[in-house]
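I have placed the structure first, in the form of structure tokens, so that the comments after it can refer back to it.
Just so it is clear: chains get the letters A, B, ... in the order the sequence lines come, proteins before strands, and each one is counted from 1. Keep in mind that what you see is a predicted model, and the values were worked out from it rather than measured.
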There are 2 protein chains.
Amino acid sequence: MNIREVAKIAGVSTATVSRVLSGSVPVDAKTESKVRAAIEKTGYYPNSHARMLGSGKSNTYGLIVSDIANPFFPELVKSFERLAVEHNQEVLIANTDYHPERTEHCVRRMLEHKVDGVAIMTSEMAPHLIQILSKRGIPIVFLDTGTVGRLISNISIDYEHGIDLAINHLTSLKHREIAFVEGPRDLKSATIRRDAFVSSLKRNGIKVAPGFICQGNHGIDGGQRAMSELLALPKRPTAIMCSNDLTAIGVLIAAHVAGVRVPQDISIVGFDDIELSSLMQPALTTIRVSRTEIAARAFEALYGAAHGGIEKGINYTIPSELIERQSTGPCPPKSVRKA
Amino acid sequence: MNIREVAKIAGVSTATVSRVLSGSVPVDAKTESKVRAAIEKTGYYPNSHARMLGSGKSNTYGLIVSDIANPFFPELVKSFERLAVEHNQEVLIANTDYHPERTEHCVRRMLEHKVDGVAIMTSEMAPHLIQILSKRGIPIVFLDTGTVGRLISNISIDYEHGIDLAINHLTSLKHREIAFVEGPRDLKSATIRRDAFVSSLKRNGIKVAPGFICQGNHGIDGGQRAMSELLALPKRPTAIMCSNDLTAIGVLIAAHVAGVRVPQDISIVGFDDIELSSLMQPALTTIRVSRTEIAARAFEALYGAAHGGIEKGINYTIPSELIERQSTGPCPPKSVRKA
DNA sequence: TTGAAAGCGCTACCAT
DNA sequence: ATGGTAGCGCTTTCAA
């Protein structure tokens, strides 16, 4: 079933059917109803590929994430997809799985589908791949890892402010011995958080004790390992700030296993506010970064570039917000602390 | 940049370039290297839409889920996408959000993209929509809600066996007062679980006490509400089986809030083994249903139908498995139980 | 092994 | 307001 058959049945030209379908050009009411009847009768659905070819527009945005099963992403993907559908666009979702090879394949898919823009929500994107997209005039929006330029936008998460909120929260609870479990060293957004932690402490007149900055990997297991290191320290911290929620959850679990009470003995703060965090026992105090808002800005950036003709890249800043739950409490008095 | 320009640069016809690209037909080594050089030089990427139109095959499978942010799905989506990429297929992901209207839109998208098959991993699919797909000869695979037929496969989860494993586990711990928190009444897979629970108890010579089958909604909130009802009962159960993990987590949280210890006072079992479950405190004993395997079967069904020409639908059964964690323990002696 | 050319289904421009 | 028709970029016969 194609447009020609529909046209024949309706007794009009294919052009008219096309016009009824797109609704862009006025069509006589009678003609339109004849066409609609023919469409109804034949169960005709236009071929999106042919439409793409004819019009030269794919109406598709690419969405590249590192791991769709990572709790940070599903909500982001969902919001992005919803926006796309609302704007009659399609989404081509691609998972890099943190693999350079798969990442390259993802970009290839984007190119072959002639997407109208790409949201790159992963940090493992080799510059030459970005070049390839960019050279073809494809609008791009990065999460956290991009430099704004022509057709290139970026969404920055306000890590500094977020970390500040967390540290202020902890110091207001009288904590001074605050440790940090950092993320992967090669992840830009992770080092930003680490540095923000250090400078926030400095602003509060606290200096980082030796061994208080601990290596994690943004996964639960890394948090657990970091916590055992921290607990083995001759002088333990009274509070721990983590580079992300998954890390904090690992820390929480390790604390539980070691018989350390949270928040009575030690306070823990995460970062991201993934759904899981509110469900932990105790529920995790954390810094929320709205995934819905990230998705909205990403879509806005691409849509503006592709449909609004906005060539100038924009830098969006996503606010962060302290979510106080049960994993933080007053600093225990010195006498009570364990060795 | 299109195939004609590449052909011109390589000094061959477009047909030859096409043959090099597809690799289906033998091409002289020298010719091929000329073509490859031209492709390299021009940075040419074939237009997938044009390719689709020319060949009449979309190489795309649709994947319809009810809510990608529901913890059950991300891993399923990820596995499915991975398989597709490995087989050089594309995936068109669509979220119904449990909305009939959005569901209809999802199907329309599938049709317009001329997908080679659809995996319907949601139960809210109106029969007439299935008809529309089916009439066009599009292979379909359902999760749990389908009837096998021509070009229609189904993946059944072995709920009965899973529930049996759970009940046997509980009775071996001497539990006899076992309650069940069921899922939505209109969800076929939920009623199967409920019925399996009842018959499993019967097999064990236990009869269901009044008020021991409680309404949930497959969400955390439903589990919490059900638990308060259960705790208000004059005679409380010593163990609770839940229709899914999210429900069990709600029950767990409600228990915690009410000061009921798990598993000392009460044992809890979930169903699905979503990632969250192992992270709860205490970690949830549950019945695992492998999402990876569901994805693999779904892909297999569609690929076999679309590429292997297998018209006969297949019913796949996904095994279930007991995962013993910390939310279940021996039945407390009668004297210890609270009113 | 290669080339020429007829579509694939639709859009958009040019007429009328 | 409507029809005719030339592409869009590729695949796939058919010939050579």
### Query
Please give, in whole Å, the distance from C/dG9 C1' to A/Met52 CE?
14 Å
### Query
Considering only D/dG4, C/dC10, D/dG9, which nucleotide approaches the side chain of A/Ala15 most closely?
D/dG4
### Query
Do B/Ser123 and B/Asp144 come within less than 4.5 Å of each other through their side chains, counting heavy atoms only?
no
### Task
Check DNA chain C against residues 19-44 of chain B and give the residues with a non-hydrogen atom under 4.0 Å, in numerical order.
B/Arg19, B/Pro26, B/Val27, B/Asp28, B/Thr31
### Task
Give the intermediate values and the outcome of side chain to side chain contact (heavy atoms under 4.5 Å, CB included) for residues A/Val27 and A/Val35.
CA-CA 10 Å; A/Val27 175; A/Val35 172; over 6 Å; no
### Message
Tell me if the CZ atom of A/Arg102 is crowded by more than 12 foreign heavy atoms within 6.0 Å.
### Response
yes
### Task
Please state how far atom NE2 in A/His113 lies from atom P in D/dC10, giving the value in whole angstrom units.
14 Å
### Message
Return whichever of B/Leu53 or B/Val12 has its heavy-atom-nearest nucleotide of DNA chain C closer to the 5' end.
### Response
B/Val12
### Message
My understanding is that only residues two or more places apart in sequence, or in another chain, count here; which of them pass salt bridge (charged side-chain N to carboxylate O under 4.0 Å, His left out) with B/Arg36?
### Response
B/Glu32
### Validation row: A/Leu53, B/Met52 side chains within 4.5 angstrom (heavy atoms)
no
### Task
Write down the atom of A/Ile64, the atom of A/Met125, and the distance for their closest heavy-atom approach.
CD1-CE, 4.0 Å
### Query
Rounded to whole angstrom units, what separation is found between the NE2 atom of A/His49 and the C1' atom of D/dT11?
15 Å
### Task
Indicate yes or no: does B/Arg297 engage B/Glu300 in a salt bridge with an N to O separation below 4.0 Å.
yes
### Query
Could you give the CD1-to-P distance, from B/Ile3 to D/dG9, as a whole number of Å?
11 Å
#### Entry: Atom NE2 of B/His307 with >12 non-hydrogen neighbours under 6.0 angstrom
yes
### Any B/Thr16 side-chain N or O less than 4.0 Å from OP1/OP2 of C/dG3
yes
### Query
Which whole-number value in Å describes the distance from B/Asn59 CG to D/dC10 P?
15 Å
### Message
Without decimals, in angstroms, what is the distance between B/Lys57 NZ and C/dG9 C1'?
### Response
17 Å
### Task
Please check the phosphate of D/dC10 (OP1 and OP2 only) for any side-chain N or O of B/Ser18 closer than 4.0 Å.
no
### Query
Under 3.5 Å, is there a donor-acceptor pair between the side chain of A/Asp28 and the main chain of A/Lys30?
yes
### Task
Would you mind reading off the distance between A/Leu111 atom CG and D/dC10 atom P, rounded to a whole angstrom?
13 Å
### Task
Compare side-chain N and O positions of B/Ser55 against OP1 and OP2 of D/dT11 and report whether any pair is under 4.0 Å apart.
no
### Task
Enter the inter-axis angle for the ends of the helix from C/dT1-D/dA16 to C/dT16-D/dA1 (five pairs per end, rounded to 10°).
30°
### Message
If I take atom CG in residue A/Asn2 and atom P in nucleotide C/dG7, what distance separates them, rounded to the nearest angstrom?
### Response
14 Å
